[in-house]
Amino acid sequence: MRKIQLGLLSRIIIAILIGVVCGNFLPLPLIRIFATFNVLFSEFLSFSIPLIILGLVTVAISDIGNKAGKLLLITVLIAYGATLFSGFLSYAVGSAFFPGIITPGSSLAEVDKIPNAMPYFSISIPPVISVMTALVLSFTLGLGLASMRGGALKEVANDFQVIIVQLINRVILPFLPIYIFGIFLNMAHTGEVYSILIVFIKIIGIIFALHIFLLIFQYSVAALFVKRNPLKLLARMMPAYFTALGTQSSAATIPVTLEQTKKNGVSADIAGFVIPLCATIHLSGSTLKIVACALALMIMQGMPYDFYLFAGFILMLGITMVAAPGVPGGAIMAALGILQSMLGFGEAEQALMIALYIAMDSFGTACNVTGDGAIALVIDKITHKENYMK
């Protein structure tokens with residue numbers, strides 16, 4: 001018989017549903033078993049986060065630095081600006097609407113620490129280096145490797161990236177549904193789960209509307225440059241949008257994005273350079289989701305926040321996101337470090353961020369790749385390939 005392969009999103013949804021149901025009748029000793037697993041997995045995740053940043057960001061920055069000169073600079077600036085815009089847009093909309101639809105409640109961290117749901121035991125696994133040290137070291141090594149032609153250190157960085165990708169694919173992601181199950185099992189047991197799920201639905205609805213608005217805005221700006229109908233330009237990119245919905249991968253969608261971008265009138269040389277590069281550095285959809293989800297969780301718990309806190313977070317997130325493409329759940333994995341270090345997110349908050357992000361992963365990827373076509377239109381208009389492609 002043919003085996004049925006469930007994707008990560010399907011497994012997480014099943015884990016949430018089973019956790020909600022089982023939390024209402026499972027005896028406390030069984031719940032404490034999963035609480036023990038969650039504590040151990042959380043420690044391992046905290047240990048892994050700096051290594052994930054170091055392994056993914058170093059090579060990503062190094063590879064970007066090896067591209068063409070002035071055209072690279074123009075593309076990076078526009079892509080980074082678009083990513084930052086989506087982050088600040090998400091914060092502005094969230095800070096305006098979320099307080100009215102989210103009722104601040106008890107801290108999610110307290111849910112995991114109530115006396116009747118304590119783990120049987122725990123093991124401390126301190127990280128080798130801190131998150132910020134990993135980020136700075138990644139930028140330093142990445143920029144240094146970008147100026148070198150090959151070399152042993154470059155090979156070591158590539159091999160370490162392979163190890164980290166295997167760590168994510170073979171260890172973290174397979175156990176992630178069990179981790180999510182444990183979180184929702186505990187929430188159901190303590191009566192917190194239903195308010196959390198209601199907030200989930202509200203957040204997902206707002207983020208979906210935001211990502212549609214963002215795409216229309218991006219193509220409206222591009223249309224000002226090329227003096228064409230923005231809706232027709234956007235409609236021509238729909239094959240790339242729906243391909244990304246299915247594959248959940250910017251890299252896997254590149255051939256379709258490239259073809260549709262050329263059909264929008266972008267020259268083959270510019271499209272061939274911009275689309276693969278933007279698949280790495282332009283993550284407006286992913287940034288929009290992460291900022292909105294983080295803000296919603298902070299409001300839910302009554303955590304203090306302001307514009308300046310999120311401004312620094314968004315600026316750092318836009319850089320960290322270059323490590324995301326090509327790795328399933330890569331964006332949220334790369335973001336866990338700064339969620340922890342800059343916003344103070346703990347185990348429960350990180351688990352909910354992962355669940356929320358994965359629930360909308362395909363829409364974020366679709367937003368990313370479709371927006372790449374708008375950036376290509378702008379760059380094709382303001383640059384001349386004979387000056388920049390040499």
>> Which residues pass the ring-ring contact (aromatic ring centres under 6.0 Å, His included) test with F98, not counting sequence neighbours?
In response: none

>> To the closest 0.5 Å, what do you measure between NE2 (H282) and CD1 (I275)?
In response: 10.5 Å

>> Before we go on, tell me: are the rings of F208 and F363 under 6.0 Å apart, centre to centre?
In response: yes

>> For the OG atom of S86 and the CG atom of L210, what is their distance to the nearest 0.5 Å?
In response: 9.5 Å

>> Ignoring hydrogens, what is the shortest heavy-atom contact between I375 and C278? Give both atom names and the distance.
In response: CG2-SG, 3.9 Å

> Linking I/L/V/M/F/W/Y whenever any side-chain heavy atoms sit under 4.5 Å apart, do V39 and F121 land together?
Replying inline: no

>> Are S124 and E43 packed together at the side-chain level, in the sense that at least one heavy-atom pair is separated by less than 4.5 angstrom?
In response: yes

> Would L153 and F160 show up in the same hydrophobic cluster when neighbours are defined by side-chain heavy atoms closer than 4.5 Å?
Replying inline: yes

>> Please determine whether residues L224 and L77 belong to a single hydrophobic cluster, defined as Ile, Leu, Val, Met, Phe, Trp and Tyr linked transitively by side-chain heavy-atom distances below 4.5 Å.
In response: no

>> Measuring from atom CD1 of I338 to atom CZ of F345, what distance do you get when rounded to the nearest 0.5 angstrom?
In response: 11.0 Å

> Nearest heavy-atom pair of F41 and I172: which atoms, and what distance?
Replying inline: CZ-O, 3.7 Å

>> Could you walk me through whether F313 and Y91 satisfy the ring-ring contact (aromatic ring centres under 6.0 Å, His included) test, starting with their C-alpha distance in whole Å, then the side-chain angles of each, then the deciding distance to 0.1 Å, before giving a yes or no?
In response: CA-CA 11 Å; F313 173 70; Y91 175 79; over 10 Å; no

> Does I354 reach the side chain of L336, with side-chain heavy atoms less than 4.5 Å apart?
Replying inline: yes

> Would V226 and L233 count as a side-chain contact (heavy atoms from CB on, under 4.5 Å) if you check the C-alpha gap in whole Å, the side-chain angles of each, and the deciding distance to 0.1 Å?
Replying inline: CA-CA 10 Å; V226 299; L233 292 171; 4.0 Å; yes

> Which heavy-atom pair separates Q260 from A240 by the least distance, and what is that distance?
Replying inline: CG-N, 4.4 Å

>> Please find the pair of heavy atoms, one from L145 and one from A157, that lie closest to each other, and give the distance.
In response: CD1-CB, 3.9 Å

> Are the side chains of Q218 and L215 in touch, meaning some heavy atoms are under 4.5 Å apart?
Replying inline: yes

> For atom CZ of F25, is the number of surrounding heavy atoms from other residues, nucleotides or ligands below 6.0 Å larger than 12?
Replying inline: yes

> To the nearest 0.5 Å, how far apart are CG in L51 and CD1 in I163?
Replying inline: 10.0 Å

>> If I compare all heavy atoms of P50 with all of A134, which pair ends up nearest, and what's the gap?
In response: O-CB, 3.5 Å

> Is there a side-chain contact between Y80 and L315, using heavy atoms and a 4.5 Å cut-off?
Replying inline: yes

> Taking side chain as C-beta onward, heavy atoms only, is Y305 less than 4.5 Å from L343?
Replying inline: no

> Would V156 and V162 show up in the same hydrophobic cluster when neighbours are defined by side-chain heavy atoms closer than 4.5 Å?
Replying inline: no

>> With a 4.5 Å cut-off on side-chain heavy-atom distances among I, L, V, M, F, W and Y, is there a chain of contacts connecting L231 to M237?
In response: no

> So do I14 and P177 actually touch side chain to side chain, heavy atoms under 4.5 Å?
Replying inline: no

> What's the spacing between R236 CZ and N229 CG if we round to 0.5 Å?
Replying inline: 9.5 Å

> Does G55 offer a backbone N or O that forms a donor-acceptor pair with the side chain of T58 under 3.5 Å?
Replying inline: no

> Under 3.5 Å, is there a donor-acceptor pair linking the side chains of T257 and D372?
Replying inline: no

>> Looking at every non-hydrogen atom in both residues, tell me the closest pair between A271 and L258 and how far apart they are.
In response: O-CD1, 3.2 Å

> Does a side-chain heavy-atom distance below 4.5 Å link F225 with I382?
Replying inline: yes

> Within the side chain of D380, is there an N or O that forms a donor-acceptor pair under 3.5 Å with the backbone of I270?
Replying inline: no

>> If only side-chain N and O atoms count, and only distance matters, is there a donor-acceptor pair under 3.5 Å linking S284 with N368?
In response: no

>> Tell me whether Y120 at atom OH has more than 12 heavy atoms from other residues, nucleotides or ligands lying less than 6.0 Å away.
In response: yes

> Can you tell me how far CD1 of I379 sits from OG1 of T75, rounded to the nearest 0.5 angstrom?
Replying inline: 3.5 Å

> Any donor and acceptor pair, going by atom type alone, linking the side chain of Y241 with main-chain N or O of C367 inside 3.5 Å?
Replying inline: no

> Are the side chains of S90 and T287 in touch, meaning some heavy atoms are under 4.5 Å apart?
Replying inline: no

> Which class fits the ring pair F307 and F88: parallel under 30°, tilted 30 to 60°, perpendicular over 60°?
Replying inline: tilted

Acceptor/donor pairs from residues 290-298 side chains to any protein atom, 3.5 angstrom cut, sequence neighbours excluded:
none

>> Are F44 and F175 an aromatic pair, judged by ring center distance below 6.0 Å?
In response: no

